[in-house]
Amino acid sequence: MRIAFISSEVHPFSKSGGLADVASSLPIALAAMGHEVVVVSPWYKTLKNIVPYYLWDIAAPRLSTPMGVSDKLEHGVRWVFVGGSLFDRDDYYGYSDDVYRFAQFCLAVPHVLHGLHFFPDAYHLNDWQTGLIAPLLKYGDVPDAQRRHSVLSIHNLAFHGRWNLEDVRSWTGLSDWTDGLEYNGDANCLKAGIAYSDVISTVSPRYAWEITTAEGGFGLDGVLRSRGVTGILNGIDTNYWNPSSDKHISQQFSDFKGKEKARVALCQELNLDPNRPTLAMVSRLSEQKGLSIMFGALEEMARDWNIVVLGSGDTGAEQGLRWFMETRPNIHFSSGFNEPFAHRIYAGADAFLMPSLFEPCGLSQMISMRYGTLPIARAVGGLLDTVPESRGYPFWEYSSRALANTASYARSQWRTPAWEAKVLEAMQTNFSWDNAAQQYLQLYGA
Ligand code: ADP
Ligand code: GLC
(Lines give C-alpha, C1' and ligand atoms only; values in the text may rest on other atoms or scores of the structure.)
(Ligands and ions follow the chains in the order given, each with its own letter.)
Protein backbone atom coordinates (compact mmCIF):
# COMPACT_ATOMS: atom_id res chain seq x y z
CA MET A 1 0.00 0.00 0.00
CA ARG A 2 0.95 3.65 -0.33
CA ILE A 3 0.49 5.44 2.98
CA ALA A 4 0.83 9.16 3.72
CA PHE A 5 1.51 9.64 7.43
CA ILE A 6 1.00 13.24 8.57
CA SER A 7 2.25 14.41 11.95
CA SER A 8 3.16 17.67 13.67
CA GLU A 9 6.30 16.09 15.12
CA VAL A 10 8.56 13.22 14.18
CA HIS A 11 11.60 11.78 15.92
CA PRO A 12 14.57 12.39 15.49
CA PHE A 13 13.73 15.61 13.68
CA SER A 14 11.32 17.14 16.18
CA LYS A 15 9.92 15.78 19.44
CA SER A 16 7.98 17.01 22.43
CA GLY A 17 6.42 13.67 23.39
CA GLY A 18 5.29 10.25 22.30
CA LEU A 19 3.60 11.35 19.07
CA ALA A 20 7.08 11.95 17.63
CA ASP A 21 8.11 8.38 18.50
CA VAL A 22 4.97 6.94 16.91
CA ALA A 23 5.40 9.08 13.78
CA SER A 24 8.78 7.53 13.11
CA SER A 25 8.50 4.00 14.47
CA LEU A 26 5.14 3.07 12.91
CA PRO A 27 6.11 4.27 9.40
CA ILE A 28 9.44 2.42 9.69
CA ALA A 29 7.57 -0.76 10.72
CA LEU A 30 5.15 -0.38 7.78
CA ALA A 31 8.01 0.21 5.34
CA ALA A 32 9.78 -2.89 6.65
CA MET A 33 6.62 -4.85 5.77
CA GLY A 34 7.01 -3.70 2.16
CA HIS A 35 4.68 -0.70 2.06
CA GLU A 36 5.49 2.65 0.51
CA VAL A 37 5.36 5.30 3.24
CA VAL A 38 5.77 9.06 3.08
CA VAL A 39 5.78 11.02 6.34
CA VAL A 40 4.94 14.72 6.13
CA SER A 41 5.78 17.05 9.02
CA PRO A 42 6.69 20.73 9.47
CA TRP A 43 10.25 21.95 9.08
CA TYR A 44 11.08 23.44 12.49
CA LYS A 45 14.27 25.18 13.60
CA THR A 46 15.39 21.88 15.18
CA LEU A 47 15.95 20.57 11.65
CA LYS A 48 18.65 23.13 10.90
CA ASN A 49 21.85 21.31 9.83
CA ILE A 50 19.90 18.04 9.36
CA VAL A 51 17.51 18.77 6.51
CA PRO A 52 17.72 21.67 4.02
CA TYR A 53 15.21 24.41 4.74
CA TYR A 54 13.68 24.55 1.30
CA LEU A 55 14.22 22.67 -1.90
CA TRP A 56 11.23 23.82 -3.89
CA ASP A 57 8.19 26.05 -3.41
CA ILE A 58 4.70 24.75 -2.79
CA ALA A 59 2.03 25.79 -5.25
CA ALA A 60 -1.30 25.35 -3.48
CA PRO A 61 -4.42 27.46 -3.76
CA ARG A 62 -5.34 29.38 -0.62
CA LEU A 63 -1.87 29.25 0.92
CA SER A 64 -1.47 32.76 2.26
CA THR A 65 2.12 32.41 3.33
CA PRO A 66 5.02 31.11 1.23
CA MET A 67 6.05 27.56 2.07
CA GLY A 68 8.55 25.11 0.65
CA VAL A 69 9.41 21.45 0.79
CA SER A 70 12.48 19.39 1.42
CA ASP A 71 12.87 15.68 1.94
CA LYS A 72 15.11 12.84 3.00
CA LEU A 73 15.11 9.07 2.48
CA GLU A 74 15.97 6.96 5.52
CA HIS A 75 14.98 3.52 6.88
CA GLY A 76 12.97 2.91 3.71
CA VAL A 77 10.69 5.89 4.45
CA ARG A 78 10.51 9.23 2.64
CA TRP A 79 10.46 12.04 5.22
CA VAL A 80 9.02 15.22 3.76
CA PHE A 81 9.20 18.58 5.51
CA VAL A 82 6.99 21.56 4.88
CA GLY A 83 8.84 24.73 5.80
CA GLY A 84 8.32 28.43 5.96
CA SER A 85 8.46 31.34 8.37
CA LEU A 86 5.43 29.99 10.27
CA PHE A 87 7.48 27.05 11.56
CA ASP A 88 10.94 28.61 11.70
CA ARG A 89 10.54 29.41 15.40
CA ASP A 90 12.08 28.34 18.71
CA ASP A 91 9.19 26.13 19.87
CA TYR A 92 6.89 23.70 18.10
CA TYR A 93 3.65 24.96 19.61
CA GLY A 94 2.34 27.47 22.11
CA TYR A 95 1.88 30.46 19.78
CA SER A 96 -1.31 32.46 19.48
CA ASP A 97 -1.42 31.68 15.74
CA ASP A 98 -1.02 27.89 16.12
CA VAL A 99 -4.36 27.15 14.46
CA TYR A 100 -3.44 29.38 11.51
CA ARG A 101 0.01 27.74 11.25
CA PHE A 102 -1.43 24.23 11.11
CA ALA A 103 -4.32 25.25 8.85
CA GLN A 104 -1.66 26.42 6.35
CA PHE A 105 0.22 23.14 6.83
CA CYS A 106 -2.99 21.16 6.17
CA LEU A 107 -3.73 23.18 3.03
CA ALA A 108 -0.24 22.44 1.75
CA VAL A 109 -0.03 18.68 2.42
CA PRO A 110 -2.22 17.22 -0.39
CA HIS A 111 -0.54 19.52 -2.91
CA VAL A 112 2.92 18.60 -1.65
CA LEU A 113 2.14 14.89 -2.11
CA HIS A 114 0.67 15.58 -5.53
CA GLY A 115 3.80 17.48 -6.50
CA LEU A 116 5.85 14.45 -5.46
CA HIS A 117 3.59 12.23 -7.62
CA PHE A 118 2.66 10.29 -4.49
CA PHE A 119 -0.94 9.14 -4.64
CA PRO A 120 -1.66 7.51 -1.29
CA ASP A 121 -4.15 4.73 -0.76
CA ALA A 122 -4.65 6.14 2.71
CA TYR A 123 -3.86 9.28 4.67
CA HIS A 124 -3.02 8.64 8.30
CA LEU A 125 -3.73 11.87 10.24
CA ASN A 126 -2.69 12.49 13.83
CA ASP A 127 -4.22 14.85 16.40
CA TRP A 128 -5.74 18.29 15.87
CA GLN A 129 -2.80 19.74 13.97
CA THR A 130 -3.67 17.53 10.99
CA GLY A 131 -7.44 17.32 11.55
CA LEU A 132 -8.41 19.84 8.86
CA ILE A 133 -6.93 17.58 6.20
CA ALA A 134 -9.97 15.27 6.60
CA PRO A 135 -12.61 17.80 5.44
CA LEU A 136 -10.16 19.23 2.90
CA LEU A 137 -9.77 15.79 1.27
CA LYS A 138 -13.56 15.56 0.96
CA TYR A 139 -14.64 19.11 0.16
CA GLY A 140 -11.53 21.28 -0.18
CA ASP A 141 -9.56 22.70 -3.05
CA VAL A 142 -7.33 19.62 -3.51
CA PRO A 143 -6.39 17.62 -6.62
CA ASP A 144 -8.92 14.85 -7.28
CA ALA A 145 -6.17 12.23 -7.26
CA GLN A 146 -5.59 13.10 -3.60
CA ARG A 147 -9.18 12.53 -2.44
CA ARG A 148 -8.31 9.37 -0.56
CA HIS A 149 -9.32 7.27 2.40
CA SER A 150 -8.37 8.88 5.71
CA VAL A 151 -7.70 7.55 9.19
CA LEU A 152 -7.41 9.93 12.15
CA SER A 153 -5.51 8.76 15.24
CA ILE A 154 -6.20 10.57 18.48
CA HIS A 155 -3.09 10.72 20.65
CA ASN A 156 -4.48 13.24 23.09
CA LEU A 157 -8.09 14.35 23.24
CA ALA A 158 -7.26 17.27 25.55
CA PHE A 159 -6.01 19.47 22.68
CA HIS A 160 -8.61 20.58 20.11
CA GLY A 161 -7.11 23.43 18.08
CA ARG A 162 -9.98 25.91 18.47
CA TRP A 163 -10.27 29.25 16.72
CA ASN A 164 -12.79 31.69 15.30
CA LEU A 165 -15.03 29.76 12.91
CA GLU A 166 -15.23 32.45 10.22
CA ASP A 167 -11.44 32.82 10.11
CA VAL A 168 -10.93 29.09 9.66
CA ARG A 169 -13.59 28.94 6.96
CA SER A 170 -12.02 31.80 5.08
CA TRP A 171 -8.47 30.37 5.35
CA THR A 172 -9.52 26.90 4.18
CA GLY A 173 -12.46 27.62 1.88
CA LEU A 174 -14.55 25.08 3.81
CA SER A 175 -18.10 26.30 3.44
CA ASP A 176 -20.74 26.55 6.14
CA TRP A 177 -22.36 23.24 5.31
CA THR A 178 -19.28 21.48 6.67
CA ASP A 179 -20.81 21.82 10.11
CA GLY A 180 -18.62 19.04 11.56
CA LEU A 181 -15.99 21.76 11.88
CA GLU A 182 -18.04 23.70 14.40
CA TYR A 183 -17.96 23.28 18.17
CA ASN A 184 -19.76 25.69 20.52
CA GLY A 185 -19.55 28.45 17.93
CA ASP A 186 -15.82 28.00 17.23
CA ALA A 187 -13.90 25.99 14.70
CA ASN A 188 -12.45 22.85 16.30
CA CYS A 189 -9.76 21.15 14.22
CA LEU A 190 -9.85 17.88 16.14
CA LYS A 191 -13.61 17.66 15.82
CA ALA A 192 -13.28 18.30 12.08
CA GLY A 193 -10.90 15.36 11.87
CA ILE A 194 -13.32 13.18 13.83
CA ALA A 195 -16.31 14.24 11.75
CA TYR A 196 -14.74 13.84 8.30
CA SER A 197 -12.13 11.08 8.53
CA ASP A 198 -13.30 7.73 7.23
CA VAL A 199 -11.99 5.91 10.30
CA ILE A 200 -11.08 7.08 13.80
CA SER A 201 -8.62 5.34 16.04
CA THR A 202 -6.83 6.00 19.27
CA VAL A 203 -3.71 4.64 20.85
CA SER A 204 -4.99 2.04 23.33
CA PRO A 205 -8.14 -0.04 23.73
CA ARG A 206 -8.85 1.33 27.21
CA TYR A 207 -8.54 4.97 26.08
CA ALA A 208 -10.87 4.17 23.16
CA TRP A 209 -13.52 3.38 25.74
CA GLU A 210 -12.64 6.24 28.15
CA ILE A 211 -13.02 8.94 25.50
CA THR A 212 -16.54 7.85 24.70
CA THR A 213 -17.61 8.59 28.30
CA ALA A 214 -18.63 12.03 29.55
CA GLU A 215 -15.84 11.86 32.14
CA GLY A 216 -13.02 11.27 29.65
CA GLY A 217 -14.51 12.79 26.51
CA PHE A 218 -13.36 16.44 26.79
CA GLY A 219 -16.72 17.47 25.33
CA LEU A 220 -16.23 15.29 22.23
CA ASP A 221 -17.59 12.02 23.63
CA GLY A 222 -20.92 12.45 21.77
CA VAL A 223 -19.35 12.74 18.32
CA LEU A 224 -16.91 9.95 19.18
CA ARG A 225 -19.73 7.65 20.22
CA SER A 226 -21.60 8.34 17.02
CA ARG A 227 -18.54 7.84 14.79
CA GLY A 228 -16.98 4.93 16.73
CA VAL A 229 -13.32 4.62 17.75
CA THR A 230 -10.92 1.70 17.34
CA GLY A 231 -8.22 1.33 20.00
CA ILE A 232 -4.85 0.09 18.75
CA LEU A 233 -2.10 -0.14 21.33
CA ASN A 234 1.09 1.72 20.35
CA GLY A 235 4.36 -0.12 20.00
CA ILE A 236 7.87 1.21 20.47
CA ASP A 237 10.89 1.00 18.18
CA THR A 238 12.54 -1.99 19.84
CA ASN A 239 15.77 -1.51 17.88
CA TYR A 240 16.17 2.07 19.05
CA TRP A 241 15.04 1.33 22.63
CA ASN A 242 17.24 -1.68 23.20
CA PRO A 243 19.29 -2.02 26.41
CA SER A 244 21.72 -4.43 24.75
CA SER A 245 22.72 -2.03 21.97
CA ASP A 246 21.70 1.46 23.16
CA LYS A 247 24.48 3.82 22.15
CA HIS A 248 23.43 6.44 24.70
CA ILE A 249 24.33 4.23 27.67
CA SER A 250 27.84 3.19 28.67
CA GLN A 251 26.74 -0.13 30.23
CA GLN A 252 24.66 -2.06 27.67
CA PHE A 253 22.91 -5.03 29.25
CA SER A 254 20.51 -7.89 28.81
CA ASP A 255 20.50 -9.44 32.31
CA PHE A 256 20.41 -8.55 36.02
CA LYS A 257 24.18 -8.27 36.34
CA GLY A 258 24.37 -5.77 33.48
CA LYS A 259 21.37 -3.85 34.75
CA GLU A 260 23.07 -3.51 38.14
CA LYS A 261 26.06 -1.82 36.47
CA ALA A 262 23.79 0.65 34.65
CA ARG A 263 22.03 1.31 37.96
CA VAL A 264 25.26 2.12 39.80
CA ALA A 265 26.44 4.26 36.86
CA LEU A 266 23.31 6.45 37.09
CA CYS A 267 23.71 6.86 40.87
CA GLN A 268 27.35 7.82 40.42
CA GLU A 269 26.51 10.30 37.69
CA LEU A 270 23.95 12.02 39.92
CA ASN A 271 25.78 11.57 43.20
CA LEU A 272 23.06 9.36 44.69
CA ASP A 273 23.47 6.46 47.11
CA PRO A 274 23.47 3.22 45.03
CA ASN A 275 22.36 1.21 48.06
CA ARG A 276 18.95 2.76 47.72
CA PRO A 277 16.63 2.00 44.81
CA THR A 278 15.97 4.80 42.33
CA LEU A 279 12.49 5.88 41.27
CA ALA A 280 12.51 7.95 38.08
CA MET A 281 10.21 10.05 35.96
CA VAL A 282 10.91 11.27 32.40
CA SER A 283 8.00 13.38 31.35
CA ARG A 284 6.34 16.47 30.06
CA LEU A 285 5.46 18.34 33.24
CA SER A 286 1.74 18.80 32.78
CA GLU A 287 -1.30 18.02 34.92
CA GLN A 288 -2.02 15.03 32.66
CA LYS A 289 1.05 13.34 34.10
CA GLY A 290 -0.28 13.33 37.68
CA LEU A 291 1.87 16.13 39.06
CA SER A 292 -0.48 17.01 41.89
CA ILE A 293 -0.50 13.51 43.38
CA MET A 294 3.21 13.15 42.69
CA PHE A 295 3.98 16.30 44.73
CA GLY A 296 1.70 15.11 47.54
CA ALA A 297 3.59 11.80 47.79
CA LEU A 298 7.13 13.02 47.08
CA GLU A 299 8.23 13.62 50.66
CA GLU A 300 7.13 10.14 51.73
CA MET A 301 8.56 8.40 48.65
CA ALA A 302 11.91 10.16 49.15
CA ARG A 303 12.32 8.35 52.51
CA ASP A 304 12.58 5.05 50.65
CA TRP A 305 13.91 5.93 47.23
CA ASN A 306 16.33 8.11 45.33
CA ILE A 307 14.10 10.23 43.13
CA VAL A 308 15.19 11.34 39.65
CA VAL A 309 12.99 13.58 37.49
CA LEU A 310 13.78 14.76 33.95
CA GLY A 311 11.15 16.98 32.46
CA SER A 312 10.00 20.36 31.35
CA GLY A 313 6.75 22.23 31.08
CA ASP A 314 4.73 23.73 33.91
CA THR A 315 6.90 26.42 35.55
CA GLY A 316 5.32 25.97 39.01
CA ALA A 317 6.15 22.26 38.87
CA GLU A 318 9.72 23.02 37.83
CA GLN A 319 10.12 25.44 40.75
CA GLY A 320 8.64 22.90 43.17
CA LEU A 321 11.00 20.18 41.97
CA ARG A 322 13.99 22.53 42.22
CA TRP A 323 13.02 23.33 45.80
CA PHE A 324 12.82 19.62 46.67
CA MET A 325 16.20 19.03 45.06
CA GLU A 326 17.80 21.81 47.12
CA THR A 327 16.38 20.52 50.37
CA ARG A 328 16.88 16.74 49.90
CA PRO A 329 20.18 15.15 48.91
CA ASN A 330 18.48 12.13 47.30
CA ILE A 331 16.21 14.01 44.91
CA HIS A 332 17.57 14.99 41.51
CA PHE A 333 15.68 17.19 39.06
CA SER A 334 16.86 18.13 35.55
CA SER A 335 14.84 20.60 33.60
CA GLY A 336 14.67 20.40 29.80
CA PHE A 337 14.40 17.86 27.03
CA ASN A 338 17.43 15.57 26.94
CA GLU A 339 17.25 12.41 24.84
CA PRO A 340 20.61 10.83 25.85
CA PHE A 341 19.95 11.47 29.55
CA ALA A 342 16.47 9.94 29.21
CA HIS A 343 18.12 6.73 27.94
CA ARG A 344 20.51 6.65 30.91
CA ILE A 345 17.57 7.10 33.28
CA TYR A 346 15.48 4.32 31.70
CA ALA A 347 18.51 2.04 31.96
CA GLY A 348 19.69 3.03 35.43
CA ALA A 349 16.49 3.43 37.45
CA ASP A 350 14.84 0.61 39.39
CA ALA A 351 11.28 1.85 39.07
CA PHE A 352 9.51 4.36 36.83
CA LEU A 353 6.84 6.74 38.05
CA MET A 354 3.75 7.39 35.91
CA PRO A 355 0.86 8.51 38.13
CA SER A 356 -1.10 9.97 35.21
CA LEU A 357 -4.50 11.60 35.58
CA PHE A 358 -5.24 10.29 32.09
CA GLU A 359 -2.94 8.55 29.61
CA PRO A 360 -3.98 7.81 26.01
CA CYS A 361 -1.26 5.18 25.71
CA GLY A 362 2.06 6.15 27.25
CA LEU A 363 5.33 4.99 25.75
CA SER A 364 7.60 5.72 28.71
CA GLN A 365 6.28 2.80 30.74
CA MET A 366 6.92 0.43 27.82
CA ILE A 367 10.41 1.82 27.32
CA SER A 368 11.19 1.49 31.03
CA MET A 369 9.95 -2.11 31.13
CA ARG A 370 12.19 -2.96 28.19
CA TYR A 371 15.11 -1.71 30.32
CA GLY A 372 13.99 -3.77 33.34
CA THR A 373 12.69 -0.70 35.18
CA LEU A 374 9.32 -1.44 36.77
CA PRO A 375 6.51 1.08 36.32
CA ILE A 376 4.56 2.36 39.33
CA ALA A 377 1.63 3.52 37.24
CA ARG A 378 -1.94 4.61 37.63
CA ALA A 379 -4.24 2.05 36.00
CA VAL A 380 -5.74 4.39 33.41
CA GLY A 381 -5.80 4.49 29.60
CA GLY A 382 -2.89 2.71 27.98
CA LEU A 383 -1.22 2.24 31.36
CA LEU A 384 -4.02 -0.13 32.30
CA ASP A 385 -3.46 -2.05 29.08
CA THR A 386 0.32 -2.35 29.49
CA VAL A 387 1.16 -2.52 33.22
CA PRO A 388 -0.34 -5.60 34.85
CA GLU A 389 0.72 -6.72 38.35
CA SER A 390 3.01 -9.30 36.75
CA ARG A 391 5.43 -6.64 35.45
CA GLY A 392 4.84 -3.52 37.52
CA TYR A 393 2.86 -1.80 40.26
CA PRO A 394 -0.49 -0.45 39.04
CA PHE A 395 -2.78 1.56 41.34
CA TRP A 396 -6.32 2.79 40.71
CA GLU A 397 -7.23 5.75 42.86
CA TYR A 398 -6.03 9.19 41.79
CA SER A 399 -4.61 10.23 45.16
CA SER A 400 -1.23 10.87 46.77
CA ARG A 401 -2.11 8.27 49.40
CA ALA A 402 -2.68 5.51 46.83
CA LEU A 403 0.56 6.46 45.06
CA ALA A 404 2.64 6.60 48.27
CA ASN A 405 1.23 3.24 49.44
CA THR A 406 1.99 1.60 46.10
CA ALA A 407 5.52 3.04 46.03
CA SER A 408 6.06 1.77 49.57
CA TYR A 409 4.79 -1.70 48.61
CA ALA A 410 7.11 -1.72 45.59
CA ARG A 411 10.01 -0.67 47.82
CA SER A 412 9.28 -3.60 50.15
CA GLN A 413 9.64 -5.97 47.19
CA TRP A 414 12.86 -4.48 45.78
CA ARG A 415 15.51 -7.19 45.27
CA THR A 416 13.16 -10.00 46.34
CA PRO A 417 12.36 -12.91 44.00
CA ALA A 418 8.93 -11.31 43.41
CA TRP A 419 10.64 -8.15 42.11
CA GLU A 420 13.03 -10.11 39.94
CA ALA A 421 10.21 -12.14 38.40
CA LYS A 422 8.54 -8.88 37.37
CA VAL A 423 11.77 -7.51 35.90
CA LEU A 424 12.23 -10.68 33.89
CA GLU A 425 8.71 -10.54 32.48
CA ALA A 426 9.00 -6.80 31.76
CA MET A 427 12.22 -7.27 29.78
CA GLN A 428 10.81 -10.21 27.83
CA THR A 429 7.49 -8.62 26.84
CA ASN A 430 7.13 -7.88 23.15
CA PHE A 431 6.43 -4.15 22.74
CA SER A 432 7.17 -4.06 19.00
CA TRP A 433 4.89 -2.61 16.32
CA ASP A 434 4.33 -5.94 14.54
CA ASN A 435 0.81 -6.50 15.76
CA ALA A 436 -0.36 -2.86 15.72
CA ALA A 437 1.00 -2.23 12.22
CA GLN A 438 -1.17 -5.11 10.93
CA GLN A 439 -4.21 -3.59 12.62
CA TYR A 440 -3.51 -0.18 11.05
CA LEU A 441 -3.26 -1.80 7.61
CA GLN A 442 -6.82 -3.03 8.09
CA LEU A 443 -7.96 0.49 8.96
CA TYR A 444 -6.21 1.79 5.84
CA GLY A 445 -8.37 -0.62 3.87
CA ALA A 446 -5.70 -3.15 2.87
P1 ADP B 1 3.49 11.95 26.06
O2 ADP B 1 3.45 11.71 24.62
O3 ADP B 1 2.15 12.17 26.67
O4 ADP B 1 4.45 13.00 26.45
P5 ADP B 1 4.59 9.22 26.17
O6 ADP B 1 4.92 8.35 27.32
O7 ADP B 1 3.75 8.65 25.11
O8 ADP B 1 4.00 10.57 26.76
O9 ADP B 1 5.92 9.64 25.41
C10 ADP B 1 6.88 10.46 25.97
C11 ADP B 1 8.13 10.39 25.10
O12 ADP B 1 8.85 11.60 25.29
C13 ADP B 1 9.06 9.26 25.52
O14 ADP B 1 9.87 8.90 24.40
C15 ADP B 1 9.94 9.96 26.57
O16 ADP B 1 11.17 9.31 26.74
C17 ADP B 1 10.10 11.32 25.96
N18 ADP B 1 10.34 12.42 26.90
C19 ADP B 1 9.44 13.06 27.67
N20 ADP B 1 10.03 14.04 28.37
C21 ADP B 1 11.33 14.02 28.04
C22 ADP B 1 12.47 14.81 28.41
N23 ADP B 1 12.36 15.80 29.28
N24 ADP B 1 13.66 14.51 27.84
C25 ADP B 1 13.77 13.48 26.97
N26 ADP B 1 12.74 12.71 26.57
C27 ADP B 1 11.54 12.98 27.09
C1 GLC C 1 0.20 11.47 23.46
C2 GLC C 1 -0.27 10.81 24.75
C3 GLC C 1 0.51 9.57 25.12
C4 GLC C 1 0.75 8.68 23.92
C5 GLC C 1 1.39 9.48 22.81
C6 GLC C 1 1.67 8.65 21.56
O7 GLC C 1 1.17 12.40 23.64
O8 GLC C 1 -0.26 11.72 25.83
O9 GLC C 1 -0.20 8.84 26.12
O10 GLC C 1 1.55 7.59 24.26
O11 GLC C 1 0.58 10.54 22.44
O12 GLC C 1 0.50 8.06 21.06
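Values reported hereafter were calculated over all heavy atoms of this structure, with side chains retained and with hydrogens, waters and symmetry mates removed. In listed order, ligands and their atoms are each counted from 1. Note that the structure is predicted; figures quoted are calculated from it, not measured.
Between Phe87 and Phe102, the ring planes lie perpendicular to each other; the angle is over 60°, past the 30° to 60° tilted range. Taking the six-membered ring where tryptophan is involved, the planes of Tyr371 and His343 are perpendicular, since the angle between them exceeds 60° and thus also 30°. Using cut-offs of 30° and 60° on the angle between ring planes, the pair Tyr440 and Trp433 is tilted.
A side-chain N or O of Glu9 and one of Ser16 form a donor-acceptor pair less than 3.5 Å apart. In the model, Asn188 has a side-chain atom that pairs as donor or acceptor with a side-chain atom of His160 under 3.5 Å. Side-chain atoms of Tyr123 and Thr130 include no donor-acceptor pair closer than 3.5 Å. No donor-acceptor contact under 3.5 angstrom links the side chains of Glu318 and Ser312, judged on distance only. Inspection of the Thr373 and Lys259 side chains reveals an N or O donor paired with an N or O acceptor under 3.5 Å. A side-chain N or O of Ser153 and one of Ser201 form a donor-acceptor pair less than 3.5 Å apart.
Within ligand 1, the atoms closer than 4.0 Å to a non-hydrogen atom of Arg284 are 1 (P), 3 (O), 4 (O), 20 (N), numbered from 1 in the order shown. Listed by atom number, the atoms of ligand 1 under 4.0 Å from Gly311 heavy atoms are 23 (N). Of all the atoms in ligand 2, the ones that sit under 4.0 Å from a non-hydrogen atom of Pro360 are 2 (C), 8 (O), 9 (O). The atoms of ligand 2 that sit less than 4.0 Å from any heavy atom of Val22 are 6 (C), 12 (O). Annotation for ligand 2: atoms under 4.0 Å from non-hydrogen atoms of Arg284 are 8 (O). For ligand 1, the atoms closer than 4.0 angstrom to any heavy atom of Ala342 are 25 (C), 26 (N). Near Gly336, the atoms of ligand 1 lying under 4.0 angstrom from a non-hydrogen atom of the residue are 22 (C), 23 (N). Of all atoms in ligand 2, listed by their number and element, those nearer than 4.0 Å to a heavy atom of Leu363 are 10 (O). Using a 4.0 Å cut-off to heavy atoms of Gly362, the atoms of ligand 1 that qualify are 6 (O), 7 (O). Shown in contact with Asn156 at under 4.0 Å from a heavy atom are these atoms of ligand 2, numbered in order with element: 8 (O).
In this structure, atom 15 (C) of ligand 1 lies nearest to the protein heavy atom Tyr346 OH, 3.3 Å. With respect to atom 27 (C) of ligand 1, the closest heavy atom belonging to the protein is Phe337 CE1, 3.4 Å. The protein heavy atom nearest to atom 6 (O) of ligand 1 is Leu363 N, 2.8 Å. At the top of the distance list for atom 24 (N) of ligand 1, counting protein heavy atoms only, stands Asn338 N, 3.0 Å. With hydrogens left out, the protein atom closest to atom 8 (O) of ligand 2 is Gln288 NE2, 3.0 Å, a heavy atom. Considering only non-hydrogen protein atoms, atom 9 (O) of ligand 2 sits nearest to Glu359 OE2, 2.5 Å. Distance from atom 1 (C) of ligand 2 to its nearest protein heavy atom, with residue and atom name: His155 O, 3.1 Å.
Taking the six-membered ring wherever Trp is involved, the centroid distance between the rings of Trp163 and Tyr100 does not fall below 6.0 Å. Taking the ring centroids of Tyr409 and Phe395, they lie at or beyond the 6.0 Å cut-off.
Between Met281 and the options Val309, Ile345, Leu310, a side-chain contact (heavy atoms from CB on, under 4.5 Å) holds for only Val309.
Of the polar atoms of Val203, none of the N or O atoms is found under 3.5 Å from an N or O of ligand 2, judged by distance alone. In terms of polar-atom proximity, Gly18 is counted as a contact of ligand 1, with an N or O under 3.5 Å from an N or O of the ligand.
Geometrically, Arg370 does not engage Phe431 in a cation-pi contact defined by less than 6.0 Å to the ring centre and at most 45° from the axis.
Among pairs with a residue in residues 31-43, none fulfils side chain to side chain donor-acceptor pair (under 3.5 Å), at least two apart in sequence or across chains.
Counting only distance, with no hydrogens or angles, the side chain of Ser368 and the backbone of Ser364 share a donor-acceptor pair below 3.5 Å.
By the 4.0 Å heavy-atom criterion, Lys15 is counted among the residues contacting ligand 1. By the 4.0 Å heavy-atom criterion, Ala20 is excluded from the residues contacting ligand 1. Heavy atoms of Phe341 come nearer than 4.0 angstrom to ligand 1 in no pair at all.
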- Test salt bridge (Lys or Arg N to Asp or Glu O under 4.0 Å) on Asp198 and Lys138 and set out the steps. CA-CA 10 Å; Asp198 295 303; Lys138 289 206 155 48; 3.0 Å; yes
- Task: Please lay out, stage by stage, how Lys289 and Glu359 fare under the test salt bridge (Lys or Arg N to Asp or Glu O under 4.0 Å).
- Result: CA-CA 8 Å; Lys289 300 296 176 182; Glu359 196 61 71; 2.9 Å; yes
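In this comparison of Gly362, Gly18, Ala158, Gly382, the heavy atom closest to atom 10 (O) of ligand 2 sits on Gly362.
If you look at Asp21 next to ligand 1, the close heavy atoms, those under 4.0 Å, all belong to the side chain. Within the 4.0 Å heavy-atom criterion, the part of Asn234 lying near ligand 2 is the side chain and not the backbone. When heavy-atom distances to ligand 1 are checked against a 4.0 Å cut-off, Lys289 comes that close only through its side chain, counted from C-beta outward. Within the 4.0 Å heavy-atom criterion, the part of Ser283 lying near ligand 1 is the backbone and not the side chain. At a heavy-atom distance under 4.0 Å, only backbone atoms of Leu19 (N, CA, C or O) approach ligand 2. By the criterion of a heavy-atom distance under 4.0 Å, both the backbone and the side chain of Ser364 are placed next to ligand 1. Contacts between Met366 and ligand 2, counted as non-hydrogen atom pairs separated by less than 4.0 Å, are absent for every part of the residue.
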